[in-house]
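Have a look at the structure below before the remarks.
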Amino acid sequence: MSNGLARKRIALFGSTGSIGRQALEVIDANSGAFSVEVLTAHSNDELLVKQALHFKPEIVVIGDDKKYPQVKAALSGHPIKVFAGEKALEEVAAMDVYDMMIAAIVGFAGLRPTLRAIENGKAIALANKETLVVAGDIVMQKALECKAPIIPVDSEHSAIFQCLIGETRNRIEKIILTASGGPFLGKKPNFLVNVKRDHALQHPNWSMGAKITIDSATLMNKGLEMIEAKWLFNLQPDQVHVVIHPQSIIHSMIQFEDGSIKAQMGLPDMKLPIQYALSFPRRLPSNFPRYDFRKPNTLSFEEPDTRTFRNLVLATDALNKGGNLPCVLNAANEIAVFAFLRNRIGFLDMTDLVERTMQEMPFIEHPTLEEYFDSDGEARNFAASLIKL
Ligand code: NDP
Ligand code: MG
């Protein structure tokens, strides 16, 4: 696309997920600009095969090796290489068959392949926020050294990124991340204690994968996004603010040192930030529904209720202290969400589990990459042992 002729070659890691499927819709609608060279899934072999037959990538990877025979058989007769297993995700990330990776795997599992892509100087359209939460310092340093641009897909960070265009010499006073508040906005602990998974999975504004939907209900998602923002935009913790904005029309804002505030707005639709990350610095036309100011609308804002949604306090603590604490917070949260989705623990237990794990794990101020991996593993084991998973 850079010379107006060649198509940008895309490697879509996590193609069967919510972001992955929407990214493929964007690519399908802009097939003159993008080609799909790599598709990966964890265990959804049927959808992966369907996608592969439609987009004809060079390579597909199925994370779960037990599914390899099915995928291989279904794609035999097509010039598509099939690989399986965790290691293959990293190996393929290092191959020179693509220009941009869309990092859309969920959770810590996305970190290693994304790092490999960065080490190979690939552009990254980053949906997987956990990568920056866990090891943001190392990831951003490597991106700088290897000249690998990281373009955010997360809607709040895409908003900040878009507001920064033309402002590189201007100091940011603060950024204001907007949060919808999730399905339990205004609720108190006496209500939340009885909340079950199916209720928590109903998000008012966004349709997303299960993990991030629960994170949105507990506000952990906003906590992770605060840490993500710190690394992406090189901010001090006290420059990162959160405001509840239930309509999700303003996707986030920057306040500059003259007091001026820039906001990026639009209807809540992840296809927009996905498309922008793919086409940056250009904007491509789209037929996504438009926000209409002529209709009666209210845009409202309020302080988050951090007494009820204590995950925001825990994440702010991790943001302030840094070191391996965000990594520990993330690991414990992945275990907590996993257990909640299987009805093993209650809604409020998730926060308690994260808090206990953060209190118990040894603090490392400047972890190496290996120490981040170790902290992740130890925090998971500890959190799982607390709830006898
Ligand atoms: P989904 O759960 O819908 O999809 C996750 C994808 O990752 C699937 O393709 C899944 O494969 C794959 N996957 C899961 N576990 C592993 C693993 N251990 N190894 C390799 N691949 C794996 O998640 P979302 O699309 O909702 O989210 C993806 C990322 O984007 C998350 O980090 C999330 O925070 C972020 N994000 C998502 C938004 C959204 O609107 N959904 C908005 C902003 C950020 P399979 O289907 O086979 O299990
Ligand atoms: Mg977001």
Side-chain angles (χ1 to χ4, degrees), residues 13-14 17 42 63 86 89-90 103-115 126-140 154 209-231 309-342 344-389:
F13 278 63
H42 184 55
E86 226 177 276
L89 287 170
E90 280 189 68
I105 288 177
V106 61
F108 180 86
L111 174 60
R112 287 180 198 259
T114 307
L115 266 176
L126 186 75
N128 178 263
K129 63 192 79 183
E130 295 90 346
T131 288
L132 287 180
V133 172
V134 170
D137 53 347
I138 291 179
V139 171
M140 293 310 287
D154 212 349
K211 195 246 172 191
I212 185 174
T213 305
I214 300 302
D215 284 346
S216 299
T218 62
L219 288 202
M220 181 57 94
N221 182 49
K222 212 48 56 181
L224 300 177
E225 290 183 354
M226 291 170 77
I227 301 168
E228 179 187 14
K230 166 186 152 159
W231 293 119
F309 295 94
R310 293 193 306 113
N311 275 349
L312 263 189
V313 180
L314 297 179
T316 304
D317 190 33
L319 172 77
N320 287 329
K321 296 205 179 107
N324 65 339
L325 206 53
C327 170
V328 167
L329 165 110
N330 179 69
N333 182 57
E334 288 194 24
I335 295 294
V337 173
F338 176 89
F340 176 74
L341 283 171
R342 281 154 191 79
R344 299 286 294 273
I345 61 174
F347 189 83
L348 295 175
D349 299 332
M350 287 191 276
T351 305
D352 294 341
L353 193 63
V354 174
E355 186 173 38
R356 282 274 317 269
T357 310
M358 287 172 74
Q359 284 164 352
E360 295 297 326
M361 288 295 105
F363 181 67
I364 308 174
E365 192 159 4
H366 297 292
T368 61
L369 188 58
E370 279 317 310
E371 285 172 327
Y372 278 127
F373 289 134
D374 292 347
S375 292
D376 173 80
E378 285 162 25
R380 273 168 205 274
N381 289 339
F382 181 80
S385 73
L386 284 180
I387 50 175
K388 304 191 173 53
L389 258 192

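Owing to the predicted nature of the structure, the values given are computational and were not obtained by experimental measurement. As a basis for the values below, the full set of heavy atoms in this structure was taken, side chains included, without hydrogen atoms, waters or symmetry mates.
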Option among Leu314, Thr218, Asp349 that satisfies the side chain to side chain contact (heavy atoms under 4.5 Å, CB included) test with Val354 = Leu314
Under 3.5 Å donor-acceptor, Asp215 side chain and Ile212 backbone | no
Which pairs count as ring pair (Phe, Tyr, Trp, His ring centres under 6.0 Å) when at least one residue sits in residues 345-378, sequence neighbours excluded?
-> Phe108-Phe373, Phe184-Phe347, Phe340-Phe347
Summary of salt bridge (Lys or Arg N to Asp or Glu O under 4.0 Å) pairs that have at least one residue in residues 359-378, sequence neighbours excluded = Asp376-Arg380
For side-chain contact (heavy atoms from CB on, under 4.5 Å), just list the numbers for Asn311 and Met350, CA-CA rounded to whole Å, side-chain angles, deciding distance to a tenth of an Å, and then say yes or no.
-> CA-CA 9 Å; Asn311 275 349; Met350 287 191 276; 5.6 Å; no
Full working for side-chain contact (heavy atoms from CB on, under 4.5 Å) between Met220 and Leu329 = CA-CA 10 Å; Met220 181 57 94; Leu329 165 110; 3.6 Å; yes
Sequence neighbours excluded - salt bridge (Lys or Arg N to Asp or Glu O under 4.0 Å) pairs with any residue from residues 319-333 = Asp317-Lys321
Distance in Å, Cys327 SG paired with Met358 CE, rounded so as to fall on 0.5 Å steps = 11.5 Å
State which residues pass side-chain hydrogen bond (donor to acceptor under 3.5 Å, both in side chains) with Glu225; sequence neighbours excluded, sorted by chain then number.
-> Lys129, Asn221, Lys222
What is the minimum heavy-atom distance between Pro326 and Ala318, and which atoms define it?
-> CG-O, 3.6 Å
Closest approach of Thr357 and Leu353, non-hydrogen atoms and distance?
-> OG1-O, 2.7 Å
Trace of the side-chain contact (heavy atoms from CB on, under 4.5 Å) decision for Ile227 with Asn330 = CA-CA 11 Å; Ile227 301 168; Asn330 179 69; over 6 Å; no
Which atoms form the tightest heavy-atom contact between Ile138 and Pro367, and what is the distance?
-> CD1-O, 3.9 Å
Scanning both residues in full, the closest heavy-atom pair of Ser375 with Asn324 reads OG-ND2, 3.1 Å
Would you name the heavy atoms of Gly14 and Ile105 that are closest together and state the gap between them?
-> N-CG1, 3.8 Å
Compare all side-chain heavy atoms of Leu132 with those of Met140 and state whether any distance is below 4.5 angstrom.
-> yes
Could you list the residues that satisfy side-chain hydrogen bond (donor to acceptor under 3.5 Å, both in side chains) with Thr131, not counting sequence neighbours?
-> Asn128
Is there a side-chain contact between Leu126 and Thr114 (heavy atoms, below 4.5 Å)?
-> yes
Going through the distances and angles, do Lys211 and Glu130 end up as a side-chain contact (heavy atoms from CB on, under 4.5 Å)?
-> CA-CA 12 Å; Lys211 195 246 172 191; Glu130 295 90 346; 3.0 Å; yes
So, do Asp352 and Arg310 sit near enough that their side-chain heavy atoms are less than 4.5 Å apart?
-> yes
Below 3.5 Å, can you tabulate the donor-acceptor pairs from side chains in residues 381-389 to any protein atom, sequence neighbours excluded?
residue : atom : partner : partner atom : Å
Asn381  : ND2  : Gly377  : O            : 3.4
Ser385  : OG   : Phe382  : O            : 2.7

